[in-house]
Amino acid sequence: MKKGRFRYLKIFGGILFILLTVLIINHCTKETTAPMDKASLIPLPAKIAPSKGAFRLKRGTVIFVSNNSDEAFRVGDYLSDFLHTATGYQLPVKATNKTKGKKDIFLFLSKNQEELGKEGYVLRVTPEMISITAYQPAGLFYGTQTLRQLLPYEIEKKSVQRVSWLVPAGTITDKPEYAYRGAMLDVARHFFPPEDVKAYIDMLAFFKINMLHLHLSDDQGWRIEIKSWPKLTEIGGSTEVGSGKGGFYTREEYKDLVNYAADRFITIIPEIDMPGHTNAALASYGVLNCDNKPRKLYTGTDVGFSTLCTSKDTVYSFIDDVMRELAAMTPGSWIHIGGDEAHATPMKEYIPFIERTQEMVWAHKKYVIGWDEIANATIDKSTVIQFWDNNKNTLKGVRQGAKVIMSPASRTYLDMQYDSTCNLGLHWSGYVEVDKAYDWDPATLVPGVEKENILGIESPLWTETITNMKDLEYMAFPRLAGHAEIGWTPASERKWDNYKIRLGNFASRFNAMGINFYHSPLIQWNDE
Ligand code: IFG
C-alpha cells in the first residue's frame, strides 16, 4: 500500500513542479522589454515619453484604420503584410471610427493635427493598444516604421519566429527636419534590375527616406526606354562599365518601380544627365553629334569627354521628346537634368543649353533639379541645385533664390571608400568612415548656405566599382542610416556618441534583414 501512495505523491509532485516552472517562465517573459526610451531607433524621433508595461502583439490582434481614407487602409495592409512574415499572424485590417479597443492597433488620420505636417505622427503604446495618429498618410507610414524598430529585431526575419512580440509602452511624437531625404542610385555605370531597385527601396523606407533619384543615363549606358528614340536603349542600353551586358527599364518596369516606391511614400526622380555624360546617347544616334557620326560605346570610367551638340535644333527636339516621355511616366514634381562635368561643352554654349533645357522641363509641367554647375546659368528660383563639390556654384544658385539639396561628396557619396583598405569605391573626395558621414550639419557646412536655403539631403551611390546588391549594401550601410538621421532629426538632437550606440544595436536588425553592412571598427556591433 505504502509503495502505491508514494508513487502517487511522486506523480503529483512532478506535475506541481512542471506547473510552477511554466508559471515562472510565463511570468518572466510576460510584458517585460526594455523601456521605450532605451530602444535603438534610427532616425532618432523628436520626443520619446516612456511609460510602464508593454503591448503584446498576438494572433488575434486587429488593425483598425480610420474609415475615411484608402491611403490609410493601404498603410494598414502594408503593416499587416509586414508583420505576417516573422509572426505568422494574419492580422485583419478593419475600418472603424472607434478610438479605443482591447489588444488592438489603431491607425488614425486626424484632420486637426495639422502641426504634425505631411510626415509627422504620434505613436502611443499601452498594454491595451497601439495607436498611430497622423495628419497625412505618410505620417501613418512613418509611425509603422518606428513601430517596426520598437519590436524585437526578429520581426525583420524572413521566416516565422517563436518570440514574444512585445512593444514597450510610451508615446513618441515625431516629425522630420527636412522635407527632402533622398538616396541616388547610379544605374548607368552598372545596371541594377528592377528587383534590386525594389530591395533598395525597402531599405530606404525603413529609414524614412522619401526620395529616390535614379541616374538613368551617362557615358556608359542609357537605362530608360524612350519610344520615340528606340536606339537609346537598343544601343545605349546594351553595355556598361567593364563591358557587361548592361540593360534598361521598359516603360512598364519603370512605372512599376514608381508605384512600388509610392506605396512606401518614396518619390522617384529620374535624371537624364546633359549636356555632358552623354556618350551612350551619342553612340545611339549620330545626329546628336555635331559631325553627325555616332560615337563608339564606352565602357571605361573617365568623365568629362562627351557633349551633346548644343548648336543643333535636332538635339533640342530630342531633349523635348525625352522630357515628354519621362514626364508622362513620372508623377513626382521633378526631373533632374544633370549638368555636371560638361568639360567638353564651352561655357558660352553650356549656359544657353541649360536655360533652354530648363524651359523644356517646365513645358512638360515638371520642376528642374541639376548638379551645382547649372547655377552658372540663369536659373529660376523653382530650380533646385544639388550641391556635390563646388561651394561657389552653389552660392550662385542660392543668390538666384534656388533651394539646395546637400550632397557633399566628402560626406554623402556612398561610393567613397571607408578607408584605404576598402576594395570597393573611389576616394577622390577622401575616405568617408561612419563618423565622418554622420557628424556634420547641412545648415553650417557651406558658408552662405543656411538652413532656409536647404530642401534636404541626398546620398548618391555612383556605381563605377559597384556591380551587385551585396556590394551596394556594403557601401550604403551603415552610412545611409546616419544620413537618414541627418535628414530627419534636428542637428541639436544629434550626437555621435549617442548615435554610435544605437547604430551598434542595429547589427541584429541588419543581419535579420539580410543587409551586408560594413562592420566599421568605430562601432561596438551587437550582432545577436
Ligand atoms: N563625379 C561625377 C559622377 C561620378 C562620381 C564618382 C558627380 C555629380 C564623380 N559627377 O558626382 O558621375 O563619376 O564619385
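Every number for a ligand or one of its atoms is a count from 1 in the order of the listing.
Within the structure, ligand 1 lacks Q386 among the residues with a heavy atom less than 4.0 angstrom away. Residue contacts with ligand 1: E464 is included, with a non-hydrogen atom under 4.0 Å away.
In this structure, atom 14 (O) of ligand 1 lies nearest to the protein heavy atom D415 OD2, 2.6 Å. Of the protein's heavy atoms, R189 NH2, 2.9 Å lies nearest to atom 12 (O) of ligand 1.
In this structure, the side chains of Y142 and D174 stay at 4.5 Å or more apart for every pair of heavy atoms.
A distance of 6.0 Å or more separates the ring centres of F318 and Y285. Checked against a 6.0 Å centroid threshold, the rings of F517 and F506 do not count as neighbours. Here W334 and Y180 bring their ring centres to under 6.0 angstrom of each other.
With ligand atoms numbered from 1 in the order given, ligand 1 contributes 1 (N), 2 (C), 10 (N) to contacts under 4.0 Å with heavy atoms of E341. Near Y413, the atoms of ligand 1 lying under 4.0 angstrom from a non-hydrogen atom of the residue are 7 (C), 8 (C), 11 (O), 14 (O). Interface of M416 with ligand 1, defined as ligand atoms under 4.0 Å from a residue heavy atom, comprises 14 (O). Atom numbering of ligand 1 starts at 1 in the shown order; those under 4.0 Å from a heavy atom of D340 are 2 (C), 7 (C), 8 (C), 10 (N).
A salt bridge between K500 and D497 is present, with a side-chain N of the basic residue lying under 4.0 Å from a carboxylate O of the acidic one.
For the pair W371 and ligand 1, the shortest N or O to N or O distance does not fall below 3.5 Å. Where the criterion is an N or O separation shorter than 3.5 Å, residue side chain and backbone included, D218 fails it with respect to ligand 1. Backbone and side-chain nitrogen or oxygen atoms of W388 are examined, and none is located within less than 3.5 angstrom of a nitrogen or oxygen of ligand 1.
A cation-pi geometry, defined here as NZ or CZ lying under 6.0 Å from the six-membered ring centre and within 45° of its normal, does not hold between R251 and Y249.
No side-chain N or O of K396 forms a donor-acceptor pair with one of N390 less than 3.5 Å apart.
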Quiz item: E177 and K451: salt bridge (charged side-chain N to carboxylate O under 4.0 Å, His left out), yes or no, with the steps?
Solution: CA-CA 10 Å; E177 183 75 350; K451 188 153 184 307; 3.3 Å; yes
